[in-house]
Amino acid sequence: MTKLPGYSSMDLTNSAVWFAIALVFITAVITKIARGRTVADPVCNKSPPPVVSGGSLIWILHTFLTKGMRAMIHEQYTQLGSVFTISFFGWKVTFLAGPEVLGHFHQGLESEISLGDMLQFTVPMFGKEVIYGVDIATRCEQIRFYKNALQPPKLRSHADPMVQEVEDYFSKWDKQGTIDLKWELAQLLMLISSRCLLGREVREKMFKEVYTLFHELSDNGLRLTSVLFPYAPTLANYRRDRAHAKLSEMFTKIVRSRKSSNRVERDVLQSLIDSKYKDNRPTTEAEVIGLILNLMFAGMHTSSAASTWTGVCLLSHERCLRVVVEEQKQIVQKYGDHMDYNALMEMDTLHRCIKETLRMHPPTPATFRKVHKSFTVRTREGYEYEIPRGHTVASPIHFNSNIPYIYKNPDVYDPDRFGPGREEDRVGGKFSYTAFSGGRHACIGEAYAYMQIKVIWSHLLRNFELKLVSPFPETDRSKLALEPKGKVMVHYKRLADA
Ligand code: HEM
């Protein structure tokens with residue numbers, strides 16, 4: 001063997017052995033990584049959904065702008081089936097139409113499918129200490145604080161303050177008159193939430209100031225420029241930040257005053273002050289403030305749209321109105337005139353009317369997620385599609401709530417479809433009814449929302465004769481929560497014995 005200068009044959013043999021060992025080791029590591037990658041994100045072996053792009057986009061956009069999302073999805077669904085992708089300048093949105101294809105959307109792990117950075121624009125609105133400003137684990141704990149604050153035992157304590165606010169509000173109405181229902185209910189809901197969510201201090205001393213600032217925060221924070229460029233030096237961002245700073249200052253004083261005087265209230269603000277993370281760390285002032293503002297934001301526009309639509313639907317369907325008024329008479333016979341939590345829970349007919357209203361007029365027309373790991377969906381017809389990582393996926397709530405193989409005559413207002421013996425949403429399977437979404441991100445305020453709409457409508461139905469005087473409204477699609485367009489004029493007359 002030829003010796004290389006400076007090396008013995010032993011050196012060479014050793015080097016060769018070490019080289020071989022290293023080679024085997026590196027190969028093993030690379031193979032493992034490659035296998036790991038394959039497991040984490042399998043190579044696509046099913047076809048991706050059909051894609052709409054190019055010239056068709058102009059037609060889609062036209063339908064969307066003139067007829068709304070439901071009509072737009074319906075057209076594509078008829079041509080392409082229940083799963084299809086709209087590709088727009090490289091942005092791919094895959095629509096999942098029908099409960100059969102929504103399982104992973106609602107139940108997938110946050111690491112595989114989540115809201116991603118879609119709501120990052122809310123960080124300067126509510127602060128970097130909460131929800132989309134924090135990591136997933138902290139966010140989950142903060143969502144738990146919300147759940148605790150709005151769960152049935154706590155919900156029970158909100159019934160009385162809600163009833164009081166509603167009674168006070170309508171006691172100021174004349175014997176008869178004509179009002180804009182949308183405006184009236186929006187005012188009333190602000191009063192209810194200031195009392196039940198924000199607390200006595202705001203309700204009694206700073207209601208107007210807080211709401212003016214809250215509107216400034218949300219109106220400016222939701223401008224298209226602020227959503228796209230949340231940190232750009234624009235006037236809207238400046239106003240948003242100024243409103244946030246003033247609200248923070250006001251709520252800091254409230255939180256400190258409660259803590260220093262050991263005063264304990266029964267509102268949601270108190271519940272957030274008292275919340276603790278798993279490691280026993282209490283919530284900070286900034287967290288409490290961010291969480292209460294975020295909650296107000298989640299509940300305000302949706303509740304306002306839902307309660308107005310409920311009125312519009314009831315007042316436009318004579319038979320339903322009669323049945324629901326009859327239910328109120330029976331409840332009064334059992335509980336007397338003062339509605340408490342138990343009485344509200346017994347209003348099944350009213351509950352179904354609200355549910356049917358939200359099926360036909362969901363305030364949130366669609367929900368979206370970002371796909372972090374490819375997944376497969378199987379349609380009702382048996383086609384399988386691989387939804388690639390990187391796609392945005394959408395659950396078109398408004399379309400899904402009107403599918404004729406789940407809801408018989410979907411365009412007919414028929415609250416009995418949710419009644420015993422029919423229960424169309426249950427028969428249709430999980431995720432047939434998603435006005436409040438479902439699975440991991442199901443609305444936390446659902447029970448609270450039903451309760452406040454019942455308190456309002458139970459009072460109106462028991463005390464007034466009401467007539468919708470403006471035509472059945474169109475949907476205002478320019479708003480964050482889909483609400484009736486324009487004024488909703490209602491004539492009221494106080495009942496003789498009210
Ligand atoms: C009729 C009224 C309401 C409707 C239709 C509604 C609808 C929804 C929907 C569809 C979502 C899910 C969004 C998604 O999946 O991306 C949601 C989430 C949420 N809602 Fe509501 N909502 C209503 C009232 C309320 C109220 C009154 C509150 C609070 C008091 C509230 C608090 C929340 C919160 C905190 C979330 C986020 C849940 C999470 O990310 O895990 N909502 N709501």
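In this chain, numbering begins with 1 at the start of the sequence shown. Counting starts at 1 for both ligands and their atoms, in listed order.
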Exercise. Does Ala435 approach ligand 1 within less than 4.0 angstrom via side chain, backbone, both or neither, non-hydrogen atoms only?
Worked result: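 Near ligand 1, Ala435 shows its backbone, while the atoms from C-beta on stay back.
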Problem set entry | Region of Ser437 engaging ligand 1 - heavy atom pairs below 4.0 Å |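 Answer for Ser437: both.
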Problem set entry | Positive for side-chain contact (heavy atoms from CB on, under 4.5 Å) with Leu185, one of Ile456, Val488, Ile453, Asp180 |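 Checked Ile456, Val488, Ile453, Asp180 against Leu185; only one passes side-chain contact (heavy atoms from CB on, under 4.5 Å): Ile456.
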For this session: Please confirm whether Arg369 comes under 4.0 Å of ligand 1, counting heavy atoms of the residue only.
Result: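 Arg369: in contact with ligand 1 (<4.0 Å).
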What is the nearest protein non-hydrogen atom to [atom], stated with its residue, atom name and distance?
{"atom": "atom 4 (C) of ligand 1", "answer": "Phe436 CE2, 3.5 Å"}
{"atom": "atom 33 (C) of ligand 1", "answer": "Ala298 CB, 3.6 Å"}
{"atom": "atom 23 (C) of ligand 1", "answer": "Thr302 OG1, 3.4 Å"}
{"atom": "atom 29 (C) of ligand 1", "answer": "Leu295 CD1, 3.7 Å"}
{"atom": "atom 40 (O) of ligand 1", "answer": "His441 ND1, 3.1 Å"}
{"atom": "atom 13 (C) of ligand 1", "answer": "Thr367 CG2, 3.7 Å"}
{"atom": "atom 8 (C) of ligand 1", "answer": "Cys443 CB, 3.6 Å"}
{"atom": "atom 26 (C) of ligand 1", "answer": "Gly299 CA, 3.4 Å"}

Exercise. Of the options Lys430, Lys408, Lys355, which is the one that meets Asp425 in a salt bridge (Lys or Arg N to Asp or Glu O under 4.0 Å)?
Worked result: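 Running salt bridge (Lys or Arg N to Asp or Glu O under 4.0 Å) over Lys430, Lys408, Lys355 with Asp425 returns exactly one hit, Lys355.
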Would you mind running through ligand 1 and noting each atom that sits below 4.0 Å from a heavy atom of [X]?
{"X": "Tyr448", "result": "27 (C), 30 (C)"}
{"X": "Ala306", "result": "1 (C)"}
{"X": "Pro363", "result": "5 (C)"}

Exercise. Looking at the rings of Phe431 and Phe105, which for Trp means the six-membered one, are their centres under 6.0 Å apart?
Worked result: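 They do not qualify: ring centres at least 6.0 Å apart.
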For this session: Please confirm whether Tyr450 and Phe436 have ring centers closer than 6.0 angstrom.
Result: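 Between Tyr450 and Phe436, the centre distance is under 6.0 Å.
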Problem set entry | Tyr405 six-ring centre to Arg380 NZ/CZ under 6.0 Å and within 45° of normal |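 Yes, Arg380 and Tyr405 form such a contact.
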Using 30° and 60° as the class boundaries, would you call the ring planes of [X] and [Y] parallel, tilted or perpendicular?
{"X": "His158", "Y": "Tyr448", "result": "perpendicular"}
{"X": "Phe145", "Y": "Tyr277", "result": "perpendicular"}
{"X": "Phe126", "Y": "Phe297", "result": "tilted"}

Problem set entry | Backbone or side-chain N or O of Thr434 under 3.5 Å from ligand 1 N or O |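 In fact, backbone or side chain, Thr434 has no N or O that close.
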Exercise. Which value, rounded to the nearest 0.5 Å, describes the distance between Ser194 atom OG and Asp267 atom CG?
Worked result: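 Ser194 OG to Asp267 CG: 10.0 Å, rounded to 0.5 Å.
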Problem set entry | Passing candidate, side chain to side chain donor-acceptor pair (under 3.5 Å) with Asp414, options Arg422, Arg359, Arg352, Arg319 |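 The side chain to side chain donor-acceptor pair (under 3.5 Å) with Asp414 is passed solely by Arg422 among Arg422, Arg359, Arg352, Arg319.
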Problem set entry | Pick from Ile143, Thr364, Ile453, Ile444: the one approaching atom 36 (C) of ligand 1 most closely through a non-hydrogen atom |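 The option holding the nearest heavy atom is Ile444.
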